[in-house]
Amino acid sequence: MVKYGLDYTRCRWILPLLLGIGVIFGIIALAGRGWLESQTLPYVNQASLWESCTRPDQGGQWTCDSLMNYAWGRAAAATYLVGFLLLVLCFALAIIAFAIPTLRFNFIRGIGGLLFLAAVFSIMGLVIYPVKFTSEMRLRGTNMFSWAYGFGWTTAIMEICLGFFFCCLPNYEDQILGNVKPTYFYSSP
């Protein structure tokens, strides 16, 4: 991307596209019911960020208990939700920043700082949830943190990586804008 510069039409939208993918992963994590699931038979436990469901045996009815009745459940949901909302804000700001014909590199560095802040909130929620869930909820059988929880961690990792990229991008301002004379490594005989 640095080789062609951000004025290169196909490369200009890579960063907002990656942020958009992070937003989609965050939506999957927020809406998914697979934060915790039973790993082996009988499959009696299933939990999301918002509720924990159990059933007495393999064919029984699921009974759900809201995690918002617990202080740690509200804290985990709130911190992850704040991180997600900051990610959505960064996505909107990135679209605005890259849609403007002249890039504002300090604006781009600010997006990187917001992404780091979003990652901090997301990781706080992703750490509070399993620590308090396993210590305070009664679990039967062997359980695992599953696919939706994994999407939450993927979102947090993307926030960190994209934060570095947005913060380091202004260091290559001259190369991106084409203000540097190209260096050729070919010499004629």
Side-chain angles (χ1 to χ4, degrees), residues 1-35 48-50 72-131 145-186:
M1 187 164 76
V2 172
K3 179 180 177 184
Y4 294 108
L6 287 178
D7 288 333
Y8 191 62
T9 55
R10 286 182 281 188
C11 293
R12 185 178 190 99
W13 294 103
I14 289 175
L15 291 176
L17 175 69
L18 289 173
L19 279 174
I21 291 170
V23 168
I24 291 169
F25 286 174
I27 291 170
I28 292 170
L30 284 169
R33 294 187 53 88
W35 279 58
S48 69
L49 181 60
W50 312 104
W72 62 266
R74 289 189 302 270
T79 54
Y80 189 79
L81 193 59
V82 166
F84 175 73
L85 292 175
L86 285 172
L87 177 65
V88 171
L89 177 67
C90 289
F91 176 62
L93 291 175
I95 288 177
I96 292 168
F98 288 100
I100 298 171
T102 58
L103 291 173
R104 304 280 189 249
F105 284 95
N106 290 333
F107 187 58
I108 292 173
R109 189 168 276 152
I111 294 171
L114 276 176
L115 282 170
F116 283 125
L117 187 63
V120 166
F121 278 107
S122 296
I123 290 172
M124 282 177 14
L126 290 166
V127 169
I128 291 170
Y129 183 85
V131 169
F145 290 96
S146 191
W147 58 273
Y149 186 69
F151 273 106
W153 273 108
T154 304
T155 302
I157 292 169
M158 286 182 74
E159 289 168 347
I160 292 169
C161 294
L162 288 170
F164 276 116
F165 206 108
F166 273 91
C167 284
C168 293
L169 193 61
N171 295 340
Y172 299 99
E173 180 177 0
D174 289 333
Q175 289 89 345
I176 291 169
L177 296 176
N179 297 333
V180 176
K181 182 178 177 183
T183 305
Y184 299 104
F185 296 104
Y186 176 77

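Taking both residues in full, the closest heavy atoms of Ala118 and Leu86 are given as CB-CB, 3.6 Å, listed atom of the first, atom of the second, then distance. Nearest heavy-atom pair across Ala94 and Pro16 is O-CG, 4.0 Å. Listed here is the closest heavy atom pair of Gly113 and Cys167: N-SG, 3.9 Å.
A 4.5 Å side-chain heavy-atom check between Leu114 and Phe166 finds every atom pair outside the cut-off. Between Phe84 and Thr155 there is no side-chain heavy-atom pair separated by less than 4.5 Å. With a 4.5 Å cut-off on side-chain heavy atoms, Phe151 and Ile27 do not count as touching.
In this structure, the separation between CD1 on Ile157 and CD1 on Ile123 is 8.0 Å, given to the nearest 0.5 Å. Here the CE-CG distance, from Met158 to Leu18, works out to 5.5 Å after rounding to the nearest 0.5 Å. Atom-to-atom distance recorded for Phe91:CZ and Ile24:CD1 is 8.0 Å, nearest 0.5 angstrom. Here Ile108 contributes atom CD1 and Cys168 contributes atom SG; the two are 12.5 Å apart, rounded to the nearest 0.5 Å. To the nearest 0.5 Å, atom OH of residue Tyr129 and atom OG1 of residue Thr79 are 12.5 Å apart. Here the CG atom belonging to Leu162 is positioned 9.5 Å from the CD1 atom belonging to Ile21, to the nearest 0.5 angstrom.
Between Trp153 and Tyr149, the two ring planes are perpendicular [angle over 60°; tilted spans 30° to 60°].
Aromatic ring centres of Phe164 and Phe116 lie closer together than 6.0 Å.
The side-chain contact (heavy atoms from CB on, under 4.5 Å) check on Ala148 picks up Trp35, with sequence neighbours excluded.
Across Ile111, Leu19, Val88, Leu115, a single residue satisfies side-chain contact (heavy atoms from CB on, under 4.5 Å) together with Leu93, and that is Ile111.
A distance-only check finds a donor-acceptor pair linking the side chain of Trp50 to the backbone of Leu30 [under 3.5 Å].
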Start with the C-alpha distance between Tyr80 and Ile128, add both sets of side-chain angles, then the distance that settles side chain to side chain contact (heavy atoms under 4.5 Å, CB included), and finish with yes or no.
CA-CA 10 Å; Tyr80 189 79; Ile128 291 170; over 6 Å; no
